[in-house]
Q: 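The structure under discussion is supplied below as structure tokens; questions concerning it will follow.
Below, chain A is the first sequence line, B the second, and so on; all start at residue 1.
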Protein chains: 2
Amino acid sequence: MLKKQLIMEKALELFSEQGFEATSVQQITERCGISKGAFYLSFKTKDELVISMVDHYLQKFIIDIDQVVRGAYNKETILIEFYKSIFQAFKDHSASARVFFNEKVFLTKKELFHKITAYEAEMSKSIIYMLEQLYKDKLQETKYDVMYCIKGFMKSYAEIFIFSDMPLDLEQLAKSLAEKTNIIAYHTTIPFITEELVPFIAKPCEQDVSKDALLQLFEQNIVNEEDSIKRESLELLKQEIENPTYSTAIIKGLIENLRIDPAYHWIAYVSAKYFNI
Amino acid sequence: MLKKQLIMEKALELFSEQGFEATSVQQITERCGISKGAFYLSFKTKDELVISMVDHYLQKFIIDIDQVVRGAYNKETILIEFYKSIFQAFKDHSASARVFFNEKVFLTKKELFHKITAYEAEMSKSIIYMLEQLYKDKLQETKYDVMYCIKGFMKSYAEIFIFSDMPLDLEQLAKSLAEKTNIIAYHTTIPFITEELVPFIAKPCEQDVSKDALLQLFEQNIVNEEDSIKRESLELLKQEIENPTYSTAIIKGLIENLRIDPAYHWIAYVSAKYFNI
DNA sequence: TATACTAATGACTAATCGGTCATTTGTCAA
DNA sequence: TTGACAAATGACCGATTAGTCATTAGTATA
């Protein structure tokens, strides 16, 4: 398990230096100080590595945003917190940001394209949720346009973090963008992205958490888990999917048992979505 | 010369389908219906092809924007014209947009990275010029932030054009973004990108048109030009660089002789810059 | 028709790719 | 020390790559 981590880290370095296609398995194993064979003990193929990496690095990012957005609600600060957490992530993980937000080699691999666009859709949902909480029904017509503006701000300003290692004032940036967001939200009158347009421009993505996918996720993790409480929680939740019996409180508790472990953040996140918690 | 054009077109198709590294010279020549040897008669290496492509496709884009921005000034419509021309370009050339704005394989090749960032800097200059004309000194502190917002709008909304072929109302989009730009320009009070910060986040780029580079550009084109007026114009401009003699009007006229020919748009553009016209 | 020249070809090379697998190394309990 | 098992190795494979070059096809002049 540690070996996988090492390979992913070193691969990320190389991908951000040279790109995915241009980086060979040889180079990755050399930087790791392991043999080529050892690589294939951890990952079946080079593609499997990059799929794992996308999951690993983007899950963190999405979960961070979602936690900020659904966390304790303070209208005055939520936008600032939102932008701060995003750019803090860009600052801390500029290598993965460079690879996953800019490298669209992935566009050529259909599976990865769907994965990445699914994560992006997840982020869009979080932003929309935030806008609904912040501006209530003041923002009916222009909701999606404001979301696109926020995404635009992110993309545009992220470049500064990705391509330079200057010390930057995150607080000031967050304030500046929060102000812009408020201005846009309150003053925009001409929408472009209408409610009818949304389904057409939405990227192909797994709309909801599929039952089978979730079951498979549980099965994968049950076999590797050694901690008895976590394994039992996984078992019970798996049974609950196939045969609902327990109350919401119990299910939430089981999910929280998993959420403690950073490795289970994602499974907790999608489980909560599946059970509507 | 036509062969080069053919190769660039087909290569663009393949790059936008599969990415640069994943596309082989073999595939390009197959799609062109020519032999592998013929490819190497037009381009010395695969890298030279992609460098030529960047020049060819980005030059057009930059020149378009610059012409709109420096064209007849009507405060009411300039922003709308600006956005319309940009998204029209994204619509018409979604393949090259996909390749050059999203494929950052190029980031790994230093020469290309510099080229692309130089073109981006060129675009930034055009936007700043437009903002200065539009808002005069109302926009001192927040000029660069507004520019970043505009770039953000472009990046965010461009996705819709790049990844879907829906019929979209360009006029409505341009109006919507023009409104947003005005709102941001008039209401933003908290800057992030200050005048001092600019040189640090500016990408490495050829700041001004270098004399030697321009001379070389002229020499390359003089030998291939058959039309006597164009060749003489090139000759005279080349002499003018080394030994200034003529008045601005004459120089401008010579440049206009070249500008008629689409193939000389770029040389006209950089010459005008060099002679401050 | 013969000659001279350029344009175009595709078999070829050396290098590198992702991936495999017989073999070696390391680590236990007995 | 031995035997059993897992972890790790790197030589090796077939496929593919960018790039070369001796050869051929096509064309214009004499």
Q: I need the CG-P distance between L49(A) and dG19(C), as an integer number of Å.
A: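 Whole-Å distance recorded here is 10 Å.
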
Q: Please name all residues satisfying side-chain hydrogen bond (donor to acceptor under 3.5 Å, both in side chains) with Q88(A), sequence neighbours left out, ordered by chain then number.
A: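 Expected list: D92(A).
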
Q: State which residues pass ring-ring contact (aromatic ring centres under 6.0 Å, His included) with F275(B); sequence neighbours excluded, sorted by chain then number.
A: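 With sequence neighbours excluded, F275(B) shows a ring-ring contact (aromatic ring centres under 6.0 Å, His included) to no residue whatsoever.
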
Q: Keeping to residues at least two apart or across chains, list the salt bridge (Lys or Arg N to Asp or Glu O under 4.0 Å) pairs with something in residues 23-42 of chain B.
A: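 Sorted pair list: E13(B)-R31(B), E17(B)-R31(B).
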
Q: For Q27(A), which residues count as a side-chain contact (heavy atoms from CB on, under 4.5 Å) partner, sequence neighbours excluded?
A: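 Only L14(A), Q18(A), T23(A), S24(A) meet the side-chain contact (heavy atoms from CB on, under 4.5 Å) criterion with Q27(A).
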
Q: What pairs with I229(A) under side-chain contact (heavy atoms from CB on, under 4.5 Å), at least two apart in sequence or on another chain?
A: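 Counting only residues at least two positions away or on another chain, I229(A) forms a side-chain contact (heavy atoms from CB on, under 4.5 Å) with D227(A), S233(A), N257(A).
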
Q: At under 4.0 Å between heavy atoms, how does the protein contact nucleotides 9-18 of chain C? Give one character per nucleotide, 5' to 3', with B, S or -.
A: BB------SB

